[in-house]
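In what follows, a structure is listed as structure tokens, so that the remarks can point back to it.
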Amino acid sequence: MQVTLKILRFDPQKDQRPHWETYQVEAEPWDRVLDLLHKVKWDQDGTLAFRRSCGHGICGSDAMLINGKNRLACKTLVKDLGSVITVEPIRGLPVEKDLIVDMEPFFAAYRAVKPYLINDEPPPQRERLQSPEERERFDQGTKCILCASCTTSCPVFWVNGTYIGPAAIVQAHRFLFDSRDRGKRERFKALGSGSGVWRCRTAYNCTEACPREIPVTQLIEEVKRAILMDRF
Amino acid sequence: MAHRHEVIVVGAGGAGLATALYAAREGADVAVVSKLYPTRSHTGAAQGGIGAALGNVEEDHWEWHMFDTVKGGDYLTDQDAAEVFAKEVIEAVIELEHMGLPFDRLPNGKIAQRRFGGHTKDWGKAPVHRAAHAADRTGHMILQTLYQQCVKHNITFYNEFHVTDVILEDGVAKGLVALELATGELHLFQAKAIVIASGGFGRIYKVTSNAYTLTGDLQAILYRKGLPLEDMEFYQFHPTGLYPLGILLTEGARGEGGILRNALGERFMERYAPTIKDLAPRDLVSRAMYLEVREGRGCGPKKDHVLLDLTHLPPEVIEKKLPDITEFSRIYLGVDPLKEPVPVMPTAHYAMGGIPTTLWGQVIKGEKNTVVPGLYAAGEAACVSLHGANRLGTNSLGDLVVFGRRAGIHAARFAKDADYHELTEAHLGESRERIERIKNSTGKEKVAALRAELQQSMMDHASVFRTGELLKKQVEILKELMDRYKRISIDDKGDAYNTELVEALELGYLLEVSEALVHSALNRTESRGAHAREDYPERDDQNWLKHTLAYKVEDGKVAFRYKPVVLGRFEPKARTY
Ligand SMILES: Cc1cc2nc3c(=O)[nH]c(=O)nc-3n(C[C@H](O)[C@H](O)[C@H](O)COP(=O)(O)OP(=O)(O)OC[C@H]3O[C@@H](n4cnc5c(N)ncnc54)[C@H](O)[C@@H]3O)c2cc1C
Ligand code: SF4
Ligand code: FES
């Protein structure tokens with residue numbers, strides 16, 4: 001089938017502002033959007049820039065706004081989109097070139113929640129024990145690939161870039177609910193601050209955007225509740 | 001711009017991050033230079049598990065693990081490496097747990113373990129539960145956990161910096177040159193010790209489980225500089241690549257009870273490996289699949305693949321223990337593994353060969369194990385050689401942590417007593433010239449077209465089964481492709497995120513590692529592990545129980561030297577399963 005691919009392009013050395021370019025590509029229904037971007041880059045215009053690595057939804061490189069929704073280009077198939085496809089960079093982070101945005105603010109928010117196990121008790125000789133139920137409690141957050149689909153679909157984040165955003169809260173959740181972690185208080189500082197969880201207005205965009213099907217909004221709510229419980 | 005750190009690690013996959021972490025713990029000033037953001041590294045794609053004789057589910061011993069590794073490697077494995085590995089990987093897994101890795105758990109709270117190909121109890125009697133896992137995203141959890149620890153230790157990262165040169169002068173490693181992708185600027189890195197952890201090169205083949213970015217960059221850079229590559233002829237094809245894409249379906253699927261079937265519905269592995277059947281090592285299973293197809297028992301309209309049947313497993317086992325691969329099959333093929341068998345065919349997966357090193361990761365330059373001071377390698381880019389002629393599943397993740405740790409510790413200690421070397425702008429010259437040549441070229445050759453020819457021809461002439469005739473043909477094809485590579489041109493003349501330039505550089509690396517692989521394969525006139533020569537079907541210990549060291553002389557010309565295999569506990573025996 002013939003697909004009309006519209007891509008929002010921007011070259012910092014040439015353009016004042018982003019502009020649309022349209023490409024006609026021959027595609028199979030089972031092609032990934034990433035395959036179409038490669039067809040453009042490899043056969044029509046080598047200057048098109050985008051990030052990608054794994055090609056199957058596991059590295060988090062290629063979150064883009066595809067037909068108006070944040071998704072991974074490598075996990076979105078042509079058959080689910082139809083014959084006109086628009087691709088734009090994810091929103092709320094500075095565009096560097098074409099579909100590539102500056103990820104530094106995103107990773108700064110990630111670092112702010114102390115995304116590592118905090119536990120200073122001397123570990124046992126063997127593994128620390130954890131029951132399957134305790135392990136299950138924080139399973140959802142461990143699936144996160146830091147693709148930024150959630151954070152860059154959040155209307156609060158678009159308006160206020162200092163909001164740490166859903167992805168950072170998902171990371172915090174992963175540790176807060178891990179029976180081995182002792183870092184609650186330290187993390188609550190970032191989470192309870194003015195740029196923390198209370199900015200969330202439960203718009204649910206994040207949950208819809210997550211390519212790993214993590215119930216992001218639910219995890220954010222659980223973190224809010226944990227902070228409240230801790231106060232009383 | 002110039003930077004200086006005592007230890008600089010190239011690559012931020014499992015090997016690079018483990019190295020950086022342990023070097024930092026030794027007190028060294030450490031930086032990591034990576035062309036990808038760390039969490040984008042392909043270690044994150046590893047699914048099934050990390051093997052260690054924890055004995056949590058049933059009796060197990062490091063000696064059994066060592067034996068399986070040596071036998072799995074068709075006795076080309078260096079037994080000192082296998083011994084160090086089988087012992088230290090136990091500690092490594094425990095330490096990963098202490099760092100917070102969310103392993104799956106047994107009802108008693110210990111780390112859960114599953115079965116995997118070639119891992120046995122009692123010296124080969126039956127499969128054993130040895131692979132510690134976190135669902136089917138074990139690699140993702142290892143990568144995340146190690147990165148989290150690096151964040152905790154405030155390690156410096158140069159993300160999206162593409163290394164284009166390693167500065168080797170007077171026989172020592174002095175620094176690096178890297179292209180900053182965001183700006184197009186070349187940076188000079190001065191270091192006392194450099195550790196190469198840049199991963200594999202599955203992209204030399206058309207069908208592969210490897211990321212687009214796995215192009216053997218640093219192997220090629222060192223090879224061009226006259227350093228050897230070891231055992232490059234041994235390249236592993238993983239049996240269960242999702243047909244026709246090549247996306248991996250973990251061996252853990254068979255570990256949980258999955259069965260391979262041909263068009264007649266037969267469990268054909270019963271004929272090839274009567275004792276452990278579908279859980280035979282990968283080289284055996286991949287060849288069996290090719291033979292089934294060749295003999296007309298393939299499935300589908302083209303009779304060109306076989307089926308992985310999980311339909312008899314309890315749905316909750318599939319959904320809970322194999323959620324990601326279930327999703328891959330549903331999304332990319334529209335096949336629900338709960339209801340119908342999944343089409344599979346071998347996919348290019350893992351390089352057993354690479355940059356030769358000592359047990360402490362020091363890079364070796366000759367058959368006498370002379371080291372290059374200040375230069376280290378770890379992970380898939382390196383060859384210690386733990387995996388010999390064929391790697392066992394779950395032994396790579398263990399390799400990353402065990403030998404990454406050793407390289408990190410040694411590099412940090414080496415750096416303490418070493419001085420920085422003088423570097424100048426002139427050291428950028430070689431990289432600058434290479435980049436300018438590509439950018440200014442008006443040649444007619446295109447990167448994507450050349451790469452496609454390379455990948456198809458490698459698949460046709462140098463994959464699962466090989467013959468002298470086909471390999472010779474490939475030698476000629478590579479010569480021609482290398483010549484045409486000199487006339488490639490690109491559209492993008494800009495500086496910021498010139499990803500077309502990066503692809504052009506990467507194609508150059510792919511051609512170099514292909515050359516080393518094909519020449520080594522033609523040179524080795526026996527069959528061993530993953531290297532199956534139809535014109536030399538037997539293993540030949542008399543002449544070939546030795547490692548290949550391939551040296552580039554010029555394009556199309558490779559010289560060989562040989563390193564003895566370190567034997568020990570286990571005498572080479574016929575390999576049956
Ligand atoms: C799909 C899949 C599943 C697997 N499952 C398992 C499993 O279950 N168990 C197991 O033991 N093994 C498994 N393996 C094998 C194992 O995952 C890999 O061998 C291992 O992760 C490689 O790790 P690494 O750190 O060496 O390299 P990688 O993780 O590939 O990292 C390479 C790094 O080098 C950097 N780099 C490369 N070139 C340059 C350059 N020019 N300049 C700067 N940086 C550069 C990249 O940015 C990246 O950070 C699997 C492999 C695949 C592909
Ligand atoms: S929570 Fe989901 S959408 Fe957000 S960064 Fe993680 S994987 Fe991406
Ligand atoms: S390329 Fe890795 S997630 Fe899409």
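Chain letters run A, B, ... following the sequence lines, proteins first, then strands; residues in each count from 1. Everything numeric in this text was worked out from a predicted model, so none of it was measured.
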Sidechain-backbone polar pair: A:His56 side chain, B:Leu248 backbone, donor-acceptor under 3.5 Å
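Looks like no, no N/O pair under 3.5 Å.
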Under a 4.5 Å heavy-atom cut-off, does chain B meet the side chain of [X], its backbone, both or neither?
X        : value
A:Lys143 : both
A:Leu48  : backbone
A:Leu77  : side chain
A:Arg128 : both

Output all residues satisfying ring pair (Phe, Tyr, Trp, His ring centres under 6.0 Å) with B:His140, sequence neighbours left out; order by chain, then residue number.
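For B:His140, no residue satisfies ring pair (Phe, Tyr, Trp, His ring centres under 6.0 Å) once neighbours in sequence are set aside.
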Which residues pass the ring pair (Phe, Tyr, Trp, His ring centres under 6.0 Å) test with B:His133, sequence neighbours left out?
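Scan of B:His133 (ring pair (Phe, Tyr, Trp, His ring centres under 6.0 Å), adjacent residues dropped) gives none.
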Please determine if B:Asp495 and A:Lys97 form a salt bridge, counting it only when a charged side-chain N lies under 4.0 Å from a carboxylate O.
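Result for this pair is no, no salt bridge flagged.
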A:Phe107 ring center near B:Tyr37 ring center (under 6.0 Å)
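When the ring centroids of A:Phe107 and B:Tyr37 are compared, they turn out to be within the sub-6.0 Å range.
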At a 4.5 Å cut-off on heavy atoms, which part of B:Met99 comes close to chain A: side chain, backbone, both, or neither?
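The backbone, not the side chain.
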Using 0.5 Å steps for rounding, measure from the CD atom of B:Glu503 to the NE2 atom of A:His38.
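Taking CD in B:Glu503 and NE2 in A:His38, the distance rounds to 6.0 Å.
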Separation between CD1 of B:Ile331 and OG1 of A:Thr76, rounded to the nearest 0.5 Å:
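Reported value, rounded in 0.5 Å steps: 8.5 Å.
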Residue, of A:Asp178, A:Leu146, A:Asp102, A:Asp181, that accumulates the most heavy atom pairs under 4.5 Å with chain B
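Looking at each of A:Asp178, A:Leu146, A:Asp102, A:Asp181 in turn, A:Leu146 comes out on top.
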Of all heavy-atom pairs between A:Gly46 and B:Asp491, which one has the smallest distance, and what is that distance?
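Heavy atoms of A:Gly46 and B:Asp491 come nearest at N-OD2, 2.8 Å.
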Which heavy atom of A:Ser61 sits nearest to which heavy atom of B:Arg40, and what is that distance?
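A:Ser61 and B:Arg40 have their closest heavy atoms at OG-CD, 3.4 Å.
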Using non-hydrogen atoms and a limit below 4.5 Å, what part of residues 8-31 of chain A faces chain B?
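Hits under 4.5 Å: A:Pro12, A:Gln13, A:Trp30.
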Within residues 129-139 of chain A, which residues come under 4.5 Å of chain B, heavy atom to heavy atom?
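The residues closer than 4.5 Å to chain B, in numerical order, are A:Leu129, A:Gln130, A:Ser131, A:Pro132, A:Arg135, A:Glu136, A:Phe138, A:Asp139.
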Sub-4.5 Å side-chain heavy-atom contact between B:Arg137 and A:Thr142:
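The answer is yes, as the side chains (C-beta and beyond) meet within the 4.5 Å cut-off.
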With a 3.5 Å cut-off and no angle check, do the side chains of A:Lys41 and B:Thr499 form a donor-acceptor pair?
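Yes.
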Could you tell me if B:Asn154 and A:Arg111 have a donor-acceptor pair between their side chains, going purely by distance under 3.5 Å?
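No.
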B:Asn56 vs A:Glu127, test: side chain to side chain donor-acceptor pair (under 3.5 Å). Steps then yes/no.
CA-CA 11 Å; B:Asn56 283 358; A:Glu127 65 262 51; 2.8 Å; yes
